[in-house]
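Throughout, protein chains are lettered first and strands after them, A, B, ... in sequence-line order, and every chain is numbered starting at 1. Quick caveat: nothing in here was measured; it's all calculated off a predicted structure.
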There are 2 protein chains.
Amino acid sequence: MSNQELVVLGRNDETDACCPGLLTAPLDEDQAVELAKVFKALGDPVRLRLLSMIASRAGGEVCVCDLTPAFDLSQPTISHHLKLLRQAGLIDCERRGTWVYYWLLPEMTDRLASILTRPAAEPLPDRAATATAS
Amino acid sequence: MSNQELVVLGRNDETDACCPGLLTAPLDEDQAVELAKVFKALGDPVRLRLLSMIASRAGGEVCVCDLTPAFDLSQPTISHHLKLLRQAGLIDCERRGTWVYYWLLPEMTDRLASILTRPAAEPLPDRAATATAS
DNA sequence: ATGTTGTATCGACGGACATCAATGCAACCC
DNA sequence: GGGTTGCATTGATGTCCGTCGATACAACAT
């Protein structure tokens with residue numbers, strides 16, 4: 001059911017370490033290709049809402065039967081979007097009896113957040129702070 | 001030069017406040033549409049590398065003439081990608097004499113990072129305690 | 001076994017997107 | 001002025017992607 005997910009998650013603590021992240025050093029092409037796949041998965045309103053519904057669920061899991069009726073889209077379309085989110089490593093799922101449940105993989109969102117976070121204590125001598133007097 | 005950028009940046013501290021963010025409450029459709037535009041802009045390896053090169057630049061600015069030769073792509077293509085990043089509110093630019101300089105708008109990346117950050121100290125009673133269904 | 005319900009996959013179609021060559025425009029230099 | 005360089009825009013083209021109906025598959029009910 002799931003065998004070709006992206007390998008952008010931790011594990012390879014050598015190629016990109018844990019937190020150099022996009023804003024501090026020029027991304028090499030391989031890293032850019034992998035990262036772009038994840039961001040592309042987030043680049044659709046339906047998938048963003050799906051992810052949000054899954055992530056904000058109290059129990060941590062959502063049944064597909066609760067997701068599908070929230071959209072004006074066909075059931076195959078929702079299934080397609082869930083598949084893309086899963087291939088991006090953002091969620092995972094499990095069949096339990098008749099129903100299939102999805103949950104968030106917080107490792108990926110954590111990784112994206114840290115990638116987008118600039119180093120806190122940068123000297124930052126440039127233009128941005130030129131007008132502040134206090 | 002720049003007049004139709006997205007309005008996802010702060011400013012409207014009422015519609016979505018400052019930090020509810022994607023993982024805690026179901027995104028409504030309008031928010032999802034706006035957010036998806038930004039993530040879509042990040043969903044391309046070339047644009048990710050461009051953004052990374054711009055953001056990690058010491059002086060805070062990069063001349064287009066330094067960006068274009070770093071890719072095996074035509075000059076119009078690079079210009080096109082820079083335009084998309086700018087329309088997403090991730091960067092801005094200014095012409096200075098013969099050359100055009102681009103710089104990062106950290107408000108947007110900061111916003112994305114906070115949106116992807118889950119609340120640190122959530123009680124997280126999760127699945128074990130929710131067995132009282134019917 | 002047969003039927004029913006929940007979910008995934010397939011094939012097709014229309015629109016969106018990445019890319020290019022050609023061209024336009026702005027700023028410099030002679 | 002005319003020529004040159006840096007960058008943006010235009011128009012065209014091939015590919016990708018979101019969507020659907022039809023269908024297949026899995027689990028349960030009878």
[X] [atom1] to [N] [atom2], straight-line distance once rounded to whole Å:
{"X": "Asp44(A)", "N": "dG15(C)", "atom1": "CG", "atom2": "C1'", "value": "14 Å"}
{"X": "His81(A)", "N": "dC20(D)", "atom1": "NE2", "atom2": "C1'", "value": "12 Å"}
{"X": "His80(B)", "N": "dT13(D)", "atom1": "NE2", "atom2": "C1'", "value": "14 Å"}
{"X": "Leu73(B)", "N": "dA18(C)", "atom1": "CG", "atom2": "P", "value": "11 Å"}
{"X": "Lys83(B)", "N": "dA18(C)", "atom1": "NZ", "atom2": "P", "value": "13 Å"}
{"X": "Lys40(B)", "N": "dC16(D)", "atom1": "NZ", "atom2": "P", "value": "17 Å"}
{"X": "Phe71(B)", "N": "dC20(C)", "atom1": "CZ", "atom2": "P", "value": "12 Å"}
{"X": "Leu84(B)", "N": "dC17(C)", "atom1": "CG", "atom2": "C1'", "value": "9 Å"}

(message) Can you list, by chain and residue number, the hydrophobic cluster partners of Tyr101(A) when the side-chain cut-off is 4.5 Å?
(response)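 Reading the cluster by chain and number, Tyr101(A) sits alongside Trp99(A).
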
(request) For the pair Thr117(A) (side chain) and Ala113(A) (backbone), establish whether a donor and an acceptor sit closer than 3.5 Å, ignoring hydrogens and angles. (result)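 Answer holds: yes.
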
(request) Verify, without hydrogens or angle tests, whether Thr109(A) (side chain) and Pro106(A) (backbone) share a donor-acceptor contact under 3.5 angstrom. (result)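 Yes; at least one donor-acceptor contact below 3.5 Å.
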
Hey, quick one: are [X] and [Y] part of the same hydrophobic cluster, counting side-chain heavy atoms closer than 4.5 Å, chains of contacts allowed?
{"X": "Leu85(A)", "Y": "Leu73(A)", "value": "yes"}
{"X": "Met53(B)", "Y": "Leu23(A)", "value": "yes"}
{"X": "Phe71(A)", "Y": "Ile54(A)", "value": "yes"}

(message) Reading DNA chain C from 5' onward, which residue's closest nucleotide shows up sooner: Ser74(B) or Cys65(A)?
(response)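 Whichever sits nearer the 5' end wins; that is Cys65(A).
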
(message) One character per nucleotide, please: for nucleotides 23-30 of chain D, 5' to 3', B when the base has a protein heavy atom closer than 4.0 Å, S when only the sugar-phosphate does, - otherwise.
(response) ----SS--

(request) Respond yes when some side-chain nitrogen or oxygen of Thr77(B) is under 4.0 Å from OP1 or OP2 of dT19(C), and no when none is. (result)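 Result: no.
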
(message) On the nucleotide dG6(D), are OP1 or OP2 found under 4.0 Å from the side-chain N or O atoms that Tyr102(B) carries?
(response)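 False: Tyr102(B) side-chain N/O out of range (4.0 Å or more) of dG6(D) OP1/OP2.
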
(message) List the residues meeting side chain to side chain donor-acceptor pair (under 3.5 Å) with Thr77(B), not counting sequence neighbours, and say none if there are none.
(response)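 Thr77(B) satisfies side chain to side chain donor-acceptor pair (under 3.5 Å) with Ser74(B) only.
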
(request) Just jot down the side chain to side chain donor-acceptor pair (under 3.5 Å) partners of Asp66(B), sequence neighbours excluded, or say none. (result)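 If we apply the side chain to side chain donor-acceptor pair (under 3.5 Å) test to Asp66(B), skipping adjacent residues, the hits are Arg57(B).
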
(message) I want to confirm an ordering. Mapping Gly43(A) and Asp66(B) to their closest nucleotides on DNA chain D, which one lands closer to the 5' end?
(response)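 Its nucleotide being nearer the 5' end, the pick is Asp66(B).
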
(message) Suppose we screen for salt bridge (charged side-chain N to carboxylate O under 4.0 Å, His left out). Which residues come up paired with Arg47(A), at least two apart in sequence or across chains?
(response)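 Salt bridge (charged side-chain N to carboxylate O under 4.0 Å, His left out) check on Arg47(A) returns nothing, list empty.
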
(message) Between the opening five pairs and the closing five pairs of the helix from dA1(C)-dT30(D) to dC30(C)-dG1(D), how far apart are the helix axes, to 10°?
(response)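 What I find for the helix from dA1(C)-dT30(D) to dC30(C)-dG1(D) is an axis angle of 10°.
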
